[in-house]
Amino acid sequence: MSEQRNLILAIVASLVILLGFEFLWPKPDQPPVEQAQQTQTQAPGQSGDVPTPGADVPAPGAAPQAPGAAPGMTAPSSRDAALAQSNQRVRIDTPALKGSMNLVGARIDDLTLREYHVEPDESSPLIDLLSPAGSPNPYYAEFGWVAGGTGIDVPGSDTVWTTDAQTLSPGNPVTLTWQNPQGIEFQRVISINDKFMFRVEQTVTNTTDQPVTLYPYGLIARVGTPQTAGFYILHEGPLGVFNETLKEVDYDDLADDGTIEQTTTGGWIGITDKYWLTALAFDPGLETKARFAHRPASAGPSDRYQVDYLEPGMTIAAGQSASVTNNFFAGAKEVKLLDQYAEQYNIPNFDLAVDFGWFYFLTKPFFYVLNWLHGLVGNFGVAILVFTVFIKLAMFPLANKSYKAMSKMKKLQPKMKELQERFGDDRTRLNQEMMALYKREKANPVSGCLPIVVQIPVFFALYKVLFVTLEMRHAPFYGWINDLSAPDPTSIFNLFGLLPFTPPEFLMIGVLPLIMGITMFLQQKLNPAPPDPMQAKIMNMLPIVFTFLLAHFPAGLVLYWAWNNTLSIAQQWIIMRRAGAA
C-alpha cells in the first residue's frame with residue numbers, strides 16, 4: 001500500500017507539470033497576415049475613432065462632448081507613410097525613446113524603444129511601441145477636457161496646437177497652447193524623464209464672464225486586436241489597479257462585455273504586451289471614473305480597444321485658471337524601474353504590470369536574486385547555475401532526509417522482492433507484510449517524494465521569471481544559447497544543424513533538453529525501483545517524456561532543471577554510499 005502511495009505521489013507530481021504544460025501551450029490566435037489585411041483596409045478618417053471617455057458622466061445641461069475623431073486622411077500602407085502625412089509634429093528624443101507627438105490633436109502617437117530590438121541580433125529593427133492614426137495598427141495616448149454641457153468648445157483630435165519648442169527631451173518640456181472661439185485658453189505642458197515617464201500638466205484659463213465646468217480625461221486607444229503570445233499564465237491586454245486591487249481584462253472578454261467601468265481613488269490603467277506597457281496614472285487624491293472599452297469591427301474596419309479615465313469636474317470661475325497633472329508611462333516593463341516609479345510618482349502596485357502570477361511571493365524575490373547575481377557574474381545563465389546552488393542549500397536538510405529514506409528503501413529491496421515471491425498472489429497479505437517491514441526497519445516510502453513536491457512551486461516561479469521578465473529577454477548564455485527566455489534552438493534530428501533542414505517544432509530536441517533527460521534518467525536509477533514491472537516501465541518512460549516536454553520550455557529553465565538534477569545526483573550518491581545502499 002505504501003509503495004503504491006509513493007508511486008501515486010510521484011506520478012501526481014509529474015502530472016501537475018504535464019497538465020501545467022497543456023495550459024501553457026499557445027492558444028490559437030488570429031493569423032498575422034489576416035490581421036494586417038484587416039487593419040490596412042481602414043476607411044479614411046476612421047482609424048482613430050474610439051469611444052468617448054466618460055460619455056455617461058452626468059453634466060449640467062447636456063451630455064459631455066466627445067474628444068473628437070481622428071482627422072480625415074487617406075489610410076497609408078505603412079507606419080512611415082502615416083507619419084509622413086502628419087508633418088506638424090514635435091520630436092521626442094530621450095536616451096530610451098525616440099519618436100514624435102502630433103500637434104493635430106496633441107496625441108503622443110509615435111514612439112520607438114531605442115534599447116530593444118525585435119530579435120537578439122542588434123542589427124534587427126527596434127521595437128515600435130506607438131503608431132499614429134492611419135497606420136496599420138494605430139496605438140496612441142490622448143489627453144483633454146470634456147465640457148460640462150455649457151456649449152464650450154474644447155480641444156479635440158482635430159485641434160491644431162501651437163508649440164514653443166520643436167523637441168521634447170529630458171529637462172526640455174514643451175508647452176502647447178490653443179484658444180477656443182469663446183476666448184478660453186488651454187495650455188498643456190508636457191515633460192519627459194530619461195526613461196519612459198511623461199508628465200502632462202493641463203491648465204485652463206477662463207477669460208469669459210461666466211464660470212466653466214470641465215472634466216479632465218486621458219485615454220489610450222489601440223486599433224486592431226494585437227497578436228498575443230496566447231499563454232494562459234501570461235496576461236496581455238487591458239489592465240489596471242483600482243483601489244489597490246489589480247484587474248486584468250482579456251481582449252476577447254472585453255469584446256464580449258463592451259465596456260467595463262471602475263471607480264477608484266488613486267491607481268492606474270493601461271494596456272500591456274508581454275514586455276511593453278502603456279499606462280495612465282490617476283491623481284491619488286481624486287475619485288476617478290475609469291473604464292475599459294471596446295468597439296467591434298462591425299462598427300469599423302477593425303476592433304478598437306480603449307482604456308480611459310474621467311476625473312471630477314472642475315468649475316473655473318470667470319477670470320480664473322485651474323490645472324490638473326497626470327503621468328503617462330510608455331515603454332519597457334523593467335521591474336526595478338516600475339518599482340522606482342511606484343514610489344516616485346505614487347502609483348500603487350505599479351509592479352503588477354509584470355505578470356508575476358500566483359507565486360508572486362516567490363517569483364519577484366527570485367527575480368531580484370537572479371538580477372543581483374547577474375550583476376556579480378555578468379551572465380544570466382551563470383546566475384541561474386549559482387541560484388540553483390542557493391536553492392539546493394536551502395532545501396538541503398529536507399533533501400538529505402529524503403535521500404536517506406530512499407537509501408533505506410533501496411537496501412530493503414531484496415527483502416521486498418522476497419515478500420513478493422512469497423505473497424504475490426495475496427495482495428492484502430503482501431501489503432500487510434510490507435507495512436510491517438517498513439515499521440520494523442523504520443523506513444518511510446513517502447518521504448522520497450517530498451523534494452519533488454517542494455520543487456514544483458520553485459519550478460513554476462522560476463519559469464515565470466524567465467518567461468515574463470523583460471530582463472531575461474534575449475539574455476545569452478554561452479555557445480548556441482543566445483536567448484535564455486526561448487527554447488534551445490538546436491535539434492538532434494538534424495544533427496544539431498549539420499543537416500540542411502529544419503525539423504518540425506515537436507522534434508526540436510536540443511542539447512540542453514537531452515542533457516536534462518540524461519540527468520533525470522541517472523537520478524532515477526539511484527532511486528529504489530517500483531516492485532511492479534509495469535510501474536517500473538512507466539517510471540522509466542518519464543525521462544523521455546520530460547525531454548520532449550521541456551524541449552519547448554525556455555532554455556534557462558531547462559538549464560536550471562539539468563543542473564539541479566546533477567547536484568541532486570551528487571548529493572544522493574554520497575548519502576547512499578555512506579548508507580551502504582548499492
Participant: Just one of Phe329, Tyr116, Phe196 clears the ring-ring contact (aromatic ring centres under 6.0 Å, His included) bar with Trp276, so which one?
Facilitator: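 Option passing the ring-ring contact (aromatic ring centres under 6.0 Å, His included) with Trp276: Tyr116.
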Participant: Salt bridge check: are Arg107 and Glu142 linked by an N-O gap of less than 4.0 Å?
Facilitator: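 So Arg107 pairs with Glu142 through a salt bridge.
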Participant: Taking it one step at a time, do Asp93 and Arg114 satisfy salt bridge (Lys or Arg N to Asp or Glu O under 4.0 Å)?
Facilitator: CA-CA 10 Å; Asp93 187 11; Arg114 290 185 182 275; 2.6 Å; yes
Participant: To the nearest 0.5 angstrom, please state how far the CD atom of Glu201 sits from the OG1 atom of Thr175.
Facilitator: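 Here the interatomic distance stands at 9.0 Å.
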Participant: Give a yes or no on whether the backbone of Asn243 and the side-chain of Thr264 come within a donor-acceptor separation of less than 3.5 Å.
Facilitator: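 Confirmed, Thr264 side chain pairs with Asn243 backbone.
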Participant: Can you confirm whether the side chains of Arg79 and Ser131 place a donor and an acceptor under 3.5 Å from each other?
Facilitator: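 A donor-acceptor contact under 3.5 Å links the two side chains.
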Participant: Between Tyr341 and Lys195, is there a cation-pi geometry (under 6.0 Å to ring centre, at most 45° from the normal)?
Facilitator: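 Checked: cation-pi criterion not met.
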Participant: So, the side chain of Lys289 versus the backbone of Glu261: is there a donor-acceptor pair under 3.5 Å, distance only?
Facilitator: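 Judged by distance alone, no pair lies under 3.5 Å.
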Participant: Should Lys274 and Asp355 be marked as a salt bridge (Lys or Arg N to Asp or Glu O under 4.0 Å) after you check the CA-CA gap, both sets of side-chain angles, and the distance that decides it?
Facilitator: CA-CA 9 Å; Lys274 183 176 180 179; Asp355 192 356; over 6 Å; no
Participant: What do the steps show when you test Trp178 against Val154 for side chain to side chain contact (heavy atoms under 4.5 Å, CB included), and what is the final call?
Facilitator: CA-CA 9 Å; Trp178 179 76; Val154 293; 5.7 Å; no
Participant: Testing the 3.5 Å rule here: is there a donor-acceptor pair between the side chains of Glu236 and Tyr251?
Facilitator: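 Side chains of Glu236 and Tyr251: no pair found under 3.5 Å.
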Participant: Is a side-chain donor or acceptor of Asn102 paired with a backbone partner of Ala106 at a separation under 3.5 angstrom?
Facilitator: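 Not confirmed, Asn102 side chain does not pair with Ala106 backbone.
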Participant: Quick one: does any side-chain atom of Ser124 pair with a main-chain N or O of Asp121 as donor and acceptor, under 3.5 Å?
Facilitator: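 The answer is yes, because a donor-acceptor pair under 3.5 Å joins these two groups.
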Participant: What pair of heavy atoms forms the shortest contact from Pro238 to Val307, and how long is it?
Facilitator: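 Nearest heavy atoms, Pro238 then Val307: CB-CG1, 4.0 Å.
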Participant: Please check if any side-chain donor atom of Trp480 sits under 3.5 Å from a side-chain acceptor atom of Asp488, or the reverse.
Facilitator: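 Yes, side-chain donor-acceptor contact under 3.5 Å.
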Participant: Looking at every heavy atom in both Thr207 and Gln182, which two are closest together, and how far apart are they?
Facilitator: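 Scanning both residues, the minimum pair turns out to be OG1-O, 4.4 Å.
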Participant: Classify the side-chain pair Thr278/Tyr139 by whether it contains a donor and acceptor separated by less than 3.5 Å.
Facilitator: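 Side-chain D/A pair, Thr278 to Tyr139: present.
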Participant: Could you measure the distance from the CD1 atom of Ile269 to the CG atom of Asp308? Nearest 0.5 Å is fine.
Facilitator: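 So the gap between those two atoms works out to 6.5 Å.
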Participant: Do Arg222 and Asp273 meet the salt-bridge criterion of a basic N to acidic O distance under 4.0 Å?
Facilitator: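 Looking at Arg222 together with Asp273, the answer is yes, because their closest N to O distance falls below 4.0 Å.
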Participant: Could you walk me through whether Tyr275 and Thr469 pass the side chain to side chain donor-acceptor pair (under 3.5 Å) test, one step at a time?
Facilitator: CA-CA 7 Å; Tyr275 296 119; Thr469 56; over 6 Å; no
Participant: Pairing donors with acceptors under 3.5 angstrom, does anything connect the side chains of His374 and Asn379?
Facilitator: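 Distance-only check fails for His374 and Asn379.
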Participant: For the pair Arg295 (side chain) and Val223 (backbone), establish whether a donor and an acceptor sit closer than 3.5 Å, ignoring hydrogens and angles.
Facilitator: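 Looks like no, no N/O pair under 3.5 Å.
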Participant: May I have the step-by-step check of side chain to side chain donor-acceptor pair (under 3.5 Å) for Tyr368 and Asp339, ending in yes or no?
Facilitator: CA-CA 12 Å; Tyr368 269 105; Asp339 284 340; 2.4 Å; yes
Participant: Decide whether Thr177 and Thr162 meet the rule of one side-chain donor and one side-chain acceptor closer than 3.5 Å.
Facilitator: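 There is such a pair between these side chains.
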Participant: Checking side chain to side chain contact (heavy atoms under 4.5 Å, CB included) for the pair Val354/Leu338: CA distance, chi angles, key distance, verdict?
Facilitator: CA-CA 9 Å; Val354 179; Leu338 295 180; 3.7 Å; yes
Participant: Tell me yes or no: between the side chains of Thr94 and Asp194, is some donor less than 3.5 Å from an acceptor?
Facilitator: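 Distance-only check fails for Thr94 and Asp194.
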Participant: With ring-ring contact (aromatic ring centres under 6.0 Å, His included) as the criterion, how do Phe387 and Phe366 come out once you've worked through the C-alpha distance, each side chain's angles and the decisive distance to 0.1 Å?
Facilitator: CA-CA 9 Å; Phe387 176 79; Phe366 280 9; 4.9 Å; yes
Participant: Indicate yes or no for a side-chain donor-acceptor contact from Asp257 to the backbone of Ile260 under 3.5 Å, with no hydrogens or angles considered.
Facilitator: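 Looks like no, no N/O pair under 3.5 Å.
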Participant: Test Pro173 against every option in Val189, Asp164, Ile192, Ile190 by the side-chain contact (heavy atoms from CB on, under 4.5 Å) rule and name the one that passes.
Facilitator: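 Among Val189, Asp164, Ile192, Ile190, the one meeting side-chain contact (heavy atoms from CB on, under 4.5 Å) with Pro173 is Val189.
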Participant: Just wondering, are more than 12 heavy atoms of other shown residues or ligands nearer than 6.0 Å to CD in Glu248?
Facilitator: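 Check passes, neighbour count above 12.
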Participant: Passes side chain to side chain donor-acceptor pair (under 3.5 Å), Ser78 versus Asp80? Steps please.
Facilitator: CA-CA 5 Å; Ser78 69; Asp80 289 341; 5.4 Å; no
Participant: Can a donor-acceptor pair be found, under 3.5 Å and without considering hydrogens, that links the side chain of Asp483 to the backbone of His474?
Facilitator: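 Yes, the answer is positive, given that a donor and an acceptor are paired below the 3.5 Å cut-off.
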Participant: Is a donor on one side and an acceptor on the other found under 3.5 Å between the side chain of Asn180 and the backbone of Asp153?
Facilitator: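 Present.
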